[in-house]
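The structure under discussion appears below in the form of structure tokens.
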Amino acid sequence: MKIHNFSAGPAILPASVLKEAGKAAVNYQGMGLSLMELSHRGPEFTAIIEEANTLMREIIGLPENYHVLWLTGGASTQFFMAPMNLLNEGETAQYVDTGVWASKAIKEAKAFGNVEVVASSKDQNYTFIPKDYKVSKNAKYLHITSNNTIYGTQLRKFPKSPAPLVCDMSSDFLSRPFNPEPFGLIYAGAQKNLGPAGTTVVIVREDMLGKVQRYMPAMLDYRTFIKENSLYNTPPVFPIYVSMLTLRWIKKSGGLKALQRKNKSKALLLYDEIDRNPLFRGTVVPEDRSYMNICFVMNDAYASLEKEFMQVCEANGLVGLKGHRSVGGFRASTYNALPQKSVQALVDVMRDFAQRKG
Ligand SMILES: *Cc1c(COP(=O)(O)O)cnc(C)c1O
């Protein structure tokens, strides 16, 4: 049976990428060695990380004054590593609280400087993206989360801010084109839209760095990784390789514009069904709906059918649909690698289920 993977992360990767990665795991380029057995300072991995950096710059359209870094520790490490590198004690950073991940970032930043939460949708269970707020030009940066993986909201437009943007892009990184210029720093755990868990991409603008006074351990200082081209210590070789393969796939697929078109079309297909189907409803305001993580629940009159619907999904090869515990219901993650036909398969099951039960 064909399996359709709607998991929120670790998440679906392109089949061609997995196939190539499988070969490299056993015998890299006919060398009789696994890529996992090769030195990270050898010519093979040097070529891989250079290609990954070149593709990343090309795909996003990154200006020269941005660095691409491959780190570890997940996006969660960036919650403290970003303020540690960017914010002095006594200085202020502003944050928008749009969900669980944003609020964790806020909590960690407080250890390094003043944190001002300029807007929050917490008291409405994060069902919308706040838009009317002022960012002080004295703020060191404005921290935002481009896509809220758990609640299924997404910034359609990035806020205008006199301060540089620092953005957690984990769950919609490389799903659409964006102008990098307002961003001082971007971070994304690979396992949502780029590769396996184990590496985190950081894109940082040169002028953001070197302005804090505190002691910086080498492993937590972005400048260490800039200087050593992400090879200060042993990097996560295999996750970086697989991410590079995904970057090749993105380029071959037509780049971010083409992916944006496909992602939008997949998301609208599912949202249309959620809105049309009497059994289901969306959980967030329509204008802020995510094109990556689509949350929906059963209407109250049908709430008792939730378990049965999940079973029907699984029987049809639709997996990873359970909603996060803070929202309940269902969450279909429709990342870059998820084909339109997987969304169609889910829509068909929803229709069929409604016909039988409605
Ligand atoms: C998954 C996720 C995180 C946490 O990522 P880890 O790599 O597990 O630390 C942070 N932010 C967002 C938006 C996420 O989707």
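It should be emphasised that the depicted structure is a prediction, and the values quoted were computed from it without experimental measurement.
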Between the side chain of [X] and the main-chain N/O of [Y], is any donor-acceptor distance below 3.5 Å?
| X | Y | value |
| --- | --- | --- |
| K266 | L338 | yes |
| N316 | L318 | no |
| N53 | I49 | yes |
| T153 | D288 | no |
| S34 | A25 | yes |
| N277 | M350 | yes |
| S121 | F128 | yes |
| D97 | A102 | no |

- Item | E37 atom CD, over 12 foreign heavy atoms within 6.0 Å |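 Yes, enclosed.
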- Message: Within the supplied structure, the quantity of interest is the number of heavy atoms (other residues, nucleotides, ligands) at a distance under 6.0 Å from Y232 OH; does it exceed 12?
- Response: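 Result for OH/Y232: open.
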Would you please indicate if the ring centroids of [X] and [Y] are separated by under 6.0 Å?
| X | Y | result |
| --- | --- | --- |
| Y302 | F309 | no |
| Y28 | Y241 | yes |
| Y187 | F173 | no |

- Item | Partner of F183 under ring-ring contact (aromatic ring centres under 6.0 Å, His included), chosen from F178, Y66, Y141 |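 It is F178, the one option of F178, Y66, Y141 that forms the ring-ring contact (aromatic ring centres under 6.0 Å, His included) with F183.
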- Query: Any luck finding a side-chain donor-acceptor pair between N193 and D172 under 3.5 Å?
  - Reply: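 There is no such pair (donor and acceptor under 3.5 Å, judged by atom type) between the side chains of N193 and D172.
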- Message: With rounding to the nearest 0.5 angstrom, report the CE to CE distance, M219 to M81.
- Response: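 It is 8.0 Å, given to the nearest 0.5 Å.
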- Message: So that I can tick it off, tell me whether K131 and E287 are bridged by a salt bridge, with the cut-off set at under 4.0 angstrom between side-chain N and carboxylate O.
- Response: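 Judged by the 4.0 Å cut-off on N to carboxylate O distance, E287 and K131 do form a salt bridge.
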- Provide the closest heavy-atom pair for M244 versus I48 in the form atom of the first, atom of the second, distance.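 Of all heavy-atom pairs spanning M244 and I48, the closest is CG-O, 3.7 Å.
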- Message: In terms of relative ring orientation, are Y291 and Y271 parallel, tilted or perpendicular, with 30° and 60° separating the classes?
- Response: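 Y291 and Y271: tilted rings.
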- Task: Assign the ring pair Y95 / H143 to parallel, tilted or perpendicular, where the plane angle (0 to 90°) is split at 30° and 60°.
- Result: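 It falls in the parallel class, under 30°.
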- Item | K107 charged N/C atom sitting above W101 aromatic ring, 6.0 Å / 45° |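 Relative to the ring axis of W101, which defines the angle, K107 lies outside at least one limit.
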